[in-house]
Number of protein chains: 2
Amino acid sequence: MALKITRNKAAPLPETCPLSECMAILGGAWTPNVIWYLSGGARRFNELKTDIPGISAKMLTTRLRELEDKGVILREVRPTSPPSVEYSLTDLGQDLVPAIEAIVAVGHRLKKRDGATA
Amino acid sequence: MALKITRNKAAPLPETCPLSECMAILGGAWTPNVIWYLSGGARRFNELKTDIPGISAKMLTTRLRELEDKGVILREVRPTSPPSVEYSLTDLGQDLVPAIEAIVAVGHRLKKRDGATA
DNA sequence: TTATCGGGTTACCCCATGGTTACCAGGTAA
DNA sequence: TTACCTGGTAACCATGGGGTAACCCGATAA
């Protein structure tokens with residue numbers, strides 16, 4: 001499963017913390033994956049859905065709406081037939097990419113490490 | 001109604017993805033915070049607990065055990081009286097720090113952005 | 001004797017997360 | 001006429017993550 005960072009309930013948690021601030025954005029399940037795939041250029045709904053194996057349409061919709069609300073991605077409907085919808089990163093979204101890349105980089109090192117020690 | 005290919009639940013999700021791989025480590029609530037505070041040097045249980053306002057003892061224990069199991073942190077009991085326990089990052093843990101720093105950096109930029117636009 | 005402190009563990013419970021399924025609308029292709 | 005495409009939405013439901021509170025041990029302090 002993908003990430004889950006639920007910080008709900010009874011944790012007023014001073015959101016002055018930049019770490020929590022940022023994790024609030026890429027905290028939902030699949031969120032980093034969505035941003036990651038969009039970092040390669042605009043993608044359509046169904047493209048993302050197949051890009052990210054295992055994600056449900058519902059989740060994808062949810063995450064996309066959420067990221068749009070937060071100003072991370074841009075949603076554009078194109079008057080094709082059938083109408084297609086394209087998602088792309090905003091400037092804010094681009095800002096997130098280095099962080100995701102850093103995570104991916106660690107992921108690679110983890111895999112090497114596992115491969116070596118396992 | 002052609003056959004439906006329902007890939008059921010808990011999609012096997014190829015954990016070959018370095019992103020998900022890494023997010024699996026820092027995915028739990030508070031996890032990045034714990035690593036962040038340990039990146040400043042070894043800390044004791046109660047120190048971490050007050051470092052991270054809002055975390056419960058249970059969660060802190062859970063996360064610390066989890067991170068220990070994953071080889072991210074080291075737990076050392078010192079024979080003081082009462083015995084004290086020190087947690088520190090392993091090499092693997094150190095590897096995660098740049099990723100956290102990248103996230104923190106974005107967090108800072110988010111705050112600036114909000115301050116400017118709000 | 002009782003309280004306190006460090007460092008937890010355990011039991012109990014809630015509700016948010018996310019999966020599944022069904023369904024929709026408009027347009028077009030067979 | 002029916003089927004099917006894209007891009008969803010709505011209803012339902014199970015899981016488990018995480019909160020709260022109570023308790024534990026051994027040692028020292030009042």
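Heavy atoms only: backbone and side chains are in, while hydrogens, waters and symmetry mates are out. Quick note on labels: first sequence line is chain A, next is B, and so on, each numbered from 1.
- Atom pair A:I55:CD1 and C:dT17:P shows a separation of 15 Å (rounding to whole Å applied).
- Residue B:E47 contributes atom CD, which lies 8 Å from atom P of C:dG7 at whole-angstrom precision.
- Taking atom CE of A:M59 as the reference point, atom C1' of D:dC13 lies 16 Å away to the nearest angstrom.
- Between the C1' atom of D:dT6 and the CZ atom of A:R78 lies a distance of 12 Å, rounded to the nearest Å.
- One distance of note links CZ of A:R75 with CG of A:L67; it measures 13.5 Å at 0.5 Å rounding.
- Here the CG atom belonging to B:L60 is positioned 7.0 Å from the OH atom belonging to B:Y87, to the nearest 0.5 angstrom.
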Could I get a table of every N or O pair under 3.5 Å where one atom is in the protein and the other is in nucleotides 8-11 of chain D?
from  : atom 1 : to    : atom 2 : distance (Å)
D:dG8 : OP1    : A:R65 : NH2    : 2.7
D:dG8 : OP1    : A:R75 : NH2    : 2.5
D:dG8 : OP2    : A:Y87 : OH     : 2.4

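- Here side chain to side chain donor-acceptor pair (under 3.5 Å) pairs that include residues 47-57 of chain A, with residues two or more places apart or in two chains, are A:R43-A:D51.
- Among B:L89, B:L96, B:I100, the single residue meeting the side chain to side chain contact (heavy atoms under 4.5 Å, CB included) criterion with B:S39 is B:L89.
- Atom-to-atom, CD of B:E76 to P of C:dG7 comes out at 13 Å; the value is rounded to the nearest Å.
- Summarising the geometry, atom OG1 belonging to B:T90 is positioned 10.5 Å from atom CD belonging to B:E68; distances are rounded to the nearest 0.5 Å.
- Which of D:dG7, D:dT20, C:dG19 sits closest to the side chain of A:R44 comes down to D:dG7.
- Following rounding to the nearest Å, B:L48 (CG) and C:dG6 (P) show an atom-to-atom distance of 14 Å.
- Taking CG of B:L38 as the reference point, atom CD of B:E86 lies at 10.0 Å (rounded to 0.5 Å).
- Rounded to whole Å, atom P of D:dG7 lies 10 Å from atom CG of A:L60.
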Under 3.5 Å between N/O atoms: give me all the protein pairs with nucleotides 23-28 of chain D, atom names plus distance.
from   : atom 1 : to    : atom 2 : distance (Å)
D:dA27 : O3'    : B:S81 : OG     : 3.1

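- Between the CD1 atom in B:I35 and the CH2 atom in B:W30 there is a gap of 14.5 Å [rounded to 0.5 Å].
- Here B:R63 reaches the OP1 or OP2 of D:dG18: one of its side-chain N or O atoms lies under 4.0 Å away.
- For the OP1/OP2 pair of D:dG19 and a distance below 4.0 Å, the side-chain nitrogens and oxygens of B:S56 include at least one atom meeting the criterion.
- To the nearest 0.5 Å, atoms NZ (A:K70) and CD1 (A:I25) are separated by 6.0 Å.
- Counting to the nearest Å, the P atom of C:dG19 and the NZ atom of A:K49 are 10 Å from each other.
- B:D91 CG: 12 or fewer foreign heavy atoms inside a 6.0 Å radius.
- Not one side-chain nitrogen or oxygen of B:N46 sits closer than 4.0 Å to the OP1 or OP2 atom of C:dC5.
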